[in-house]
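Below, chains carry the letters A, B, ... as their sequence lines are ordered, and counting in each starts from 1.
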Number of protein chains: 2
Amino acid sequence: MESYKIPKKSVERLSIYKRILKVIMDAGFTTVSSRELAERAGLNSAQVRKDLVYFGQFGTPGMGYQVSMLHRAITKIMGLHKKIPVALTGVGNLGQALLAYPGFKERGFIIEAIFDNDHEKVGKKKNGLKILDEKNISSEIKKKKVRVGIIATPPSAAQFAANKLIEGGIKGILNFAPIELKVPSGITVVNVALCEKLEMLSYYLSKRKLL
Amino acid sequence: MESYKIPKKSVERLSIYKRILKVIMDAGFTTVSSRELAERAGLNSAQVRKDLVYFGQFGTPGMGYQVSMLHRAITKIMGLHKKIPVALTGVGNLGQALLAYPGFKERGFIIEAIFDNDHEKVGKKKNGLKILDEKNISSEIKKKKVRVGIIATPPSAAQFAANKLIEGGIKGILNFAPIELKVPSGITVVNVALCEKLEMLSYYLSKRKLL
DNA sequence: CAGGATTTGTGAAATTTATCACAAGGAATA
DNA sequence: TATTCCTTGTGATAAATTTCACAAATCCTG
Ligand SMILES: NC(=O)c1ccc[n+]([C@@H]2O[C@H](COP(=O)([O-])OP(=O)(O)OC[C@H]3O[C@@H](n4cnc5c(N)ncnc54)[C@H](O)[C@@H]3O)[C@@H](O)[C@H]2O)c1
Ligand SMILES: NC(=O)c1ccc[n+]([C@@H]2O[C@H](COP(=O)([O-])OP(=O)(O)OC[C@H]3O[C@@H](n4cnc5c(N)ncnc54)[C@H](O)[C@@H]3O)[C@@H](O)[C@H]2O)c1
């Protein structure tokens with residue numbers, strides 16, 4: 001299923017490198033070494049090089065990497081040079097924050113349809129989009145050829161929303177609900193483990209007192 | 001620094017087990033096997049057992065684990081049985097969603113102070129809390145003995161907010177801004193890598209077409 | 001253009017993390 | 001109580017990931 005087994009962690013770090021490269025580029029530098037990238041990312045420089053080499057040879061010995069070229073390359077590798085139509089399910093507190101976040105559009109994720117099951121909300125507009133009834137998720141996203149779904153419903157409704165999204169032909173899900181979604185193979189789920197992170201923080205704080 | 005090097009991943013999974021145990025408990029079951037926990041979490045059963053054994057022996061051969069006992073044990077291990085006073089910096093879209101999220105309180109994280117630098121916002125109330133000026137972060141949180149800070153400011157202000165929080169005596173930070181925070185040793189930072197997750201999803205979708 | 005200074009890409013080694021597989025413990029039944 | 005069945009905890013093994021360390025490539029200076 002995975003092509004040539006590139007570690008998930010490497011893919012995630014690619015995103016970090018891209019962000020750092022942007023900062024370096026905006027500061028006016030044209031080249032950067034793996035050592036500097038590593039330092040800024042809090043990593044080992046060999047790891048930076050290994051990560052990049054999974055995707056091609058971008059560096060020049062003695063000089064490092066062309067900042068803008070590498071930034072462009074990573075953008076393309078990650079598929080962030082093309083627009084992706086997205087649907088949002090659950091227009092609650094978090095859903096509305098996501099809707100207002102310009103970072104989605106900047107990365108080419110265009111929110112095309114938003115859904116809720118609350119009849120107080122359905123029909124109203126948010127950020128220029130009419131909130132649609134969750135009953136129509138699959139038909140609406142088929143119509144709009146949506147490829148990615150965001151789940152920001154309560155956990156109890158998350159599997160239901162996922163099923164509807166998949167029925168509508170979606171291929172990837174960004175899941176904010178604290179629940180393990182069951183999806184057929186071929187569907188990519190990325191969990192934003194917000195609650196887990198919170199609890200990890202609690203663990204590391206409470207442990208401190210024992211030391 | 002780490003006590004007996006327990007993998008970070010194991011700690012994160014502990015949180016997942018706890019969530020699943022709650023579901024099983026509410027469904028009326030009193031015992032559960034590592035096999036069942038593993039299945040629900042999408043993991044290997046040996047891993048579940050290994051994870052749990054890092055923290056003690058909770059199971060009974062032939063029977064499995066006492067659901068409520070294990071749930072209580074994990075809650076305690078993670079320090080979620082005590083209240084932790086929290087401060088939020090950046091009362092924007094995301095900050096307000098977090099403020100409205102009951103899950104914080106449920107886990108014992110009590111938001112005691114909220115800060116912003118926007119003078120339109122400072123002085124107004126949100127969820128019963130007055131928005132305070134970011135200038136006073138350190139003094140206010142010293143006063144309230146806050147132990148955890150949440151950063152939901154734009155990335156450009158995140159390091160500044162972190163510094164102020166640390167100055168005020170905070171020990172842990174939950175960071176939502178896409179930036180690597182520099183903190184002195186002894187301060188725990190947990191990043192919620194929202195943008196990275198989003199970009200990972202893009203990567204896995206764009207790769208699909210090549211296969 | 002030679003020589004010194006860098007920095008890449010990459011095998012090999014080390015470390016970390018996950019899985020296997022099974023002896024031993026305990027429950028349940030008769 | 002003996003027997004059967006199940007499931008834990010764990011040593012051994014395997015797999016994945018990170019780090020080391022260095023030859024080869026390129027830059028830069030004089
Ligand atoms: N807000 C946070 O800070 C936060 C933090 C951690 C996790 N989460 C998780 O993110 C998710 C959303 O959180 P929230 O705070 O926005 O919750 P919320 O209750 O504010 O919003 C949920 C929305 O989903 C809608 N909904 C319910 N069932 C639906 C369905 N079947 N189809 C479509 N929409 C449906 C509700 O009407 C509501 O508008 C939850 O799963 C929550 O656990 C949120
Ligand atoms: N909203 C999202 O869906 C989303 C998604 C991914 C990442 N993030 C990240 O989360 C963070 C918050 O996002 P947001 O959408 O809420 O942004 P936002 O612009 O809506 O809110 C940011 C808030 O921080 C305040 N602020 C600025 N400087 C400050 C300072 N020095 N001290 C205190 N407050 C300050 C602003 O006045 C504003 O109220 C950002 O770093 C963003 O990149 C947000």
Side-chain angles (χ1 to χ4, degrees), chain A residues 1-17 20-21 24 29-67 69-71 73-74 77 180 193 196 200 203, chain B residues 1-17 20-21 24 29-71 73-74 77 180 193 196 200:
Chain A
M1 185 147 302
E2 301 283 5
S3 79
Y4 311 111
K5 57 174 189 144
I6 290 164
K8 221 175 186 169
K9 284 273 198 76
S10 293
V11 175
E12 189 163 354
R13 283 193 295 265
L14 223 51
S15 175
I16 295 173
Y17 303 147
I20 294 171
L21 286 165
I24 294 173
F29 296 94
T30 56
T31 64
V32 66
S33 66
S34 59
R35 185 184 41 69
E36 164 131 33
L37 269 177
E39 201 165 302
R40 294 206 191 212
L43 302 166
N44 176 295
S45 72
Q47 180 159 75
V48 173
R49 296 195 294 278
K50 272 262 160 75
D51 282 342
L52 294 176
V53 162
Y54 279 120
F55 302 98
Q57 302 210 160
F58 302 106
T60 311
M63 198 162 76
Y65 302 89
Q66 288 277 141
V67 179
M69 185 276 255
L70 184 56
H71 184 272
I74 294 179
I77 288 163
E180 264 51 59
E196 285 84 345
M200 279 176 78
Y203 170 77
Chain B
M1 186 147 301
E2 301 284 4
S3 78
Y4 310 112
K5 58 175 188 143
I6 290 165
K8 221 174 186 171
K9 287 273 198 75
S10 294
V11 175
E12 189 163 353
R13 283 193 295 263
L14 223 51
S15 174
I16 295 174
Y17 303 147
I20 294 171
L21 286 165
I24 294 173
F29 296 94
T30 55
T31 63
V32 65
S33 65
S34 59
R35 185 184 41 68
E36 163 130 33
L37 269 177
E39 200 165 302
R40 295 207 191 211
L43 302 166
N44 176 295
S45 73
Q47 180 157 77
V48 173
R49 295 195 295 276
K50 272 262 161 76
D51 282 343
L52 293 176
V53 163
Y54 279 120
F55 302 97
Q57 301 210 160
F58 302 106
T60 311
M63 198 163 76
Y65 302 90
Q66 288 276 141
V67 179
S68 66
M69 184 276 255
L70 185 56
H71 183 272
I74 293 178
I77 289 164
E180 263 53 60
E196 286 82 346
M200 279 177 77

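In this structure, CZ of B:R35 is placed 19 Å from P of C:dC22, rounded to the nearest angstrom. At whole-Å resolution of the value, OH in B:Y54 and P in D:dG9 are 14 Å apart. Atom P of nucleotide D:dA15 and atom CG of B:N44 are separated by 13 Å, given to the nearest angstrom. B:E36 places its CD atom 15 Å from the P atom of D:dC6, with the value rounded to the nearest Å. With rounding to whole Å, A:L70 atom CG is found 13 Å from C:dT8 atom C1'. Nucleotide D:dT18 holds its P atom 11 Å from the CD atom of A:E12, rounded to whole Å. In this structure, the CZ atom of B:F58 is 9 Å from the P atom of D:dG9, given to the nearest Å. Distance, A:F55 CZ to C:dG9 P: 14 Å, rounded to whole Å.
When B:L70, B:V32, B:I74 are each tested for a side-chain contact (heavy atoms from CB on, under 4.5 Å) with B:Y17, only one passes: B:I74.
At least one side-chain nitrogen or oxygen of B:Q57 sits closer than 4.0 Å to the OP1 or OP2 atom of D:dT10. In this structure, B:S34 reaches the D:dT8 phosphate: one of its side-chain N or O atoms is under 4.0 Å from OP1 or OP2. Taking side-chain N and O atoms only, B:R49 has no distance below 4.0 Å to OP1 or OP2 of D:dG11. Between A:Y65 and C:dG9, a side-chain N or O to OP1/OP2 separation shorter than 4.0 Å is present. A close approach under 4.0 Å does occur between a side-chain nitrogen or oxygen of B:R13 and OP1 or OP2 of C:dA18.
Nearest nucleotide to the B:M63 side chain, out of C:dT19, C:dA27, C:dG9: C:dA27. Side chain of A:A46, nearest nucleotide from D:dT26, D:dA21, C:dG9: D:dA21. Set against C:dA18, D:dT17, D:dG9, the side chain of A:P7 has D:dT17 as its closest nucleotide.
A salt bridge is absent between B:K8 and B:E12; no separation between the charged side-chain nitrogens and carboxylate oxygens falls under 4.0 Å.
Along DNA chain D, the nucleotide nearest to A:D51 and the one nearest to B:T60 differ in position, and the one closer to the 5' end is contacted by B:T60.
Between B:S10 and B:D51, the shortest heavy-atom distance links the atoms OG-OD1, 2.7 Å. The two residues B:F58 and B:A73 make their nearest non-hydrogen contact at CE2-CB, 3.6 Å. When all heavy atoms of B:M200 and A:V11 are compared, the closest pair comes out as CG-CG1, 4.0 Å.
Within the 4.0 angstrom heavy-atom criterion, no nucleotide atom of any strand lies near B:S45.
At a cut-off of 3.5 angstrom, counting only N and O atoms as typed in the model, there is no donor on one side facing an acceptor on the other between the side-chain of A:K50 and the base of D:dT17.
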